[in-house]
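Data block below; observations after.
In what follows, every chain begins at residue 1, and chains take the letters A, B, ... in the order their sequences are listed. These numbers come from a predicted model, not from an experiment.
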2 protein chains.
Amino acid sequence: MQLMSEKGAAGGGLRERKKRATRAALAEAAIRLAAAHGAEKVTVEAISAAAGVSVRTFFNYFDTRDDAYVVIDADAGARIRRSVLDAPASLTPLEALREAMAAELAEAEQQHELWRLHAEVLHASPHLLVRSLGAHMADETLLAEAIAARIRPGTRTGDPAATDEQRREALDLYPRLLAAVAATAVRTSVEHWFARQEEAAFLDVFQEVFDLLAAGLPAPRA
Amino acid sequence: MQLMSEKGAAGGGLRERKKRATRAALAEAAIRLAAAHGAEKVTVEAISAAAGVSVRTFFNYFDTRDDAYVVIDADAGARIRRSVLDAPASLTPLEALREAMAAELAEAEQQHELWRLHAEVLHASPHLLVRSLGAHMADETLLAEAIAARIRPGTRTGDPAATDEQRREALDLYPRLLAAVAATAVRTSVEHWFARQEEAAFLDVFQEVFDLLAAGLPAPRA
DNA sequence: ATGCATCTTTGCATAGCATGCAACTTATGT
DNA sequence: ACATAAGTTGCATGCTATGCAAAGATGCAT
């Protein structure tokens, strides 16, 4: 019995592959239609038709229409957490976080077309940007756990039996704040970069944000 | 001609007062019903009936059902902005922000019952917490503008002719980040306080969060 | 007070989102 | 090949949300 199925990989039986294909087809159809006609104008019926499944099946994969717009890579959070845990001990938690997220974002930027379409769609309707935040909030709690585990190696992390409620209550203020601020850093970086694309590369903006945070948000040249 | 009508005050004609009353009645009915039966189980019909208006009228006041849950005090943002602008020049932007928000939160905490019901409802369904963030995001842009104006007094703020798009593009990274981080600070404080209500008063948690931010999120006792 | 202009509320019609259920089709394991 | 489990589909249903036009309430000038 292999330990495989990191569940983001390509393996699995025909069934799993088909499911992933269907989900991907729905997500991509949703984004392309949204980019073309505006997110609010696209009906679930249109998305389903473009992906070649019934409307009912769409709702087997996504709880709401908007979920199809915002869930890009369901495994990114897990990779970031592992990266935080595995980072050299010489790094501060904030530095480890910066490295982990920078690596992930650099990879995301490779898939240029989809990343760009996503940015466009989300930017076009703030409503979706908010949902995107929401999609990352469960991740945020898990990330806070990983940070806590890094600081205090005794802490157990990734316990599947724990409810979100329990996770939240067990957390100290510091890891919680760090995770929240990191998510905010990403969001702010994306917004600023998108507003001024000509002036700066995305990863540079991201680094500058973390520099500001590490410096305690000092008042700029008064 | 008085300078009055800070539009949160009690003044105004009968029409305005009635409108505010209706809106308040809807918001309060929504929160009470949500606290009692669960936010998702409450229909717009029930909220409208409890407030004594028609369903259609509900949608004249709120774009979506969930908006009724999250919009507590529509003028809080404006007060914070003014407070930031009026703060003594000796304070850093971060300090001015902390003072402004602490004052506002202290007042909110006075209205104990509603504040508490809100916290409960939002905490019970993360979905709404997300929408709450969204409701504050427009405010966030305005706040970033106010911060920019405080730093560079030449900057115009509160121009009603500017679109959100224009506002966003004009902003520097620093004020944008500061506004975003401040909003995150509030959210994190509320979450942590709610998870451990016995252990610490809310405003103390809030102060600690800002201390951590001002110190550059240093690694805790390793 | 009377009448007019403006704003607000309301019911009705309509479209789209979302869920439960039962029937049907397709993989998987033996 | 067979039985079981998993996935898909259509149908019925309820709720959210918007446009429109009629009716009601308010503000204002005379």
OP1 or OP2 of dG16(C) versus the side-chain N and O atoms of Thr43(A): is any pair under 4.0 Å? no
Distance only, no hydrogens: is a donor on one side chain within 3.5 Å (strictly under) of an acceptor on the other, for Thr64(B) and Arg131(B)? yes
Side chain of Tyr61(A): nearest nucleotide among dG10(D), dT10(C), dG7(D)? dG7(D)
Rounded to 10 degrees, the angle between the two terminal axes of the helix from dA1(C)-dT30(D) to dT30(C)-dA1(D), each from five pairs: 30°
note: Glu45(B), atom CD; dG14(D), atom C1'; distance rounded to Å ~ 11 Å
Between Trp193(A) and Trp115(A), how do the two ring planes meet: parallel, tilted or perpendicular, split at 30° and 60°? tilted
Nearest-Å distance for atom pair CZ/C1', residues Phe58(A) and dG7(D): 17 Å
Does dT16(D) have OP1 or OP2 sitting under 4.0 Å from an N or O in the side chain of Arg65(B)? yes
Could you state the atom-to-atom distance from NZ of Lys19(B) to P of dA25(D) in whole Å? 17 Å
Can you tell me the distance, in whole Å, between the CD atom of Glu16(A) and the P atom of dT8(D)? 13 Å
Is the phosphate of dT9(D), meaning OP1 or OP2, less than 4.0 Å from a side-chain N or O of Ser54(A)? yes
Using a heavy-atom cut-off of under 4.0 Å over every strand shown, decide if Arg56(A) touches base, sugar-phosphate, or nothing. base
Does the side chain of His192(B) pick up a donor-acceptor pair with the side chain of Asp172(A) at under 3.5 Å? no
When the distance from CZ of Arg20(B) to P of dT8(C) is rounded to whole Å, what number comes out? 13 Å
Evaluation steps, side-chain contact (heavy atoms from CB on, under 4.5 Å), between Phe210(B) and Val181(B): CA-CA 10 Å; Phe210(B) 263 80; Val181(B) 166; over 6 Å; no
Can you tell which of dA27(C), dA17(D), dT8(C) lies closest to the side chain of Phe59(B)? dA17(D)
Apply salt bridge (charged side-chain N to carboxylate O under 4.0 Å, His left out) to residues Arg176(B) and Glu145(B) and explain how you reach the verdict. CA-CA 8 Å; Arg176(B) 192 195 294 269; Glu145(B) 250 185 88; over 6 Å; no
Over how many whole Å does the gap from Ile47(A) atom CD1 to dG16(C) atom C1' extend? 12 Å
Does atom CD (Glu40(A)) have a neighbourhood of more than 12 heavy atoms from anything else shown, all under 6.0 Å? yes
I'd like to know whether CD of Glu45(B) has more than 12 heavy-atom contacts from other residues, nucleotides or ligands below 6.0 angstrom. no
What does Asp63(A) touch in the nucleic acid at a heavy-atom separation under 4.0 angstrom: a base, only the sugar-phosphate, or nothing? sugar-phosphate
Euclidean distance, atom NZ of residue Lys18(A) to atom P of dA5(D) [Å, nearest integer]: 20 Å
Could you check whether Val55(A) gets within reach of a base, just the sugar-phosphate, or nothing at all, counting any heavy atom under 4.0 Å? nothing
Tell whether Arg15(B) reaches the base of dT6(C) with its side chain through a donor-acceptor pair below 3.5 angstrom. yes
Expressed as a whole number of angstroms, how long is the span from Lys41(B):NZ to dT19(C):C1'? 12 Å
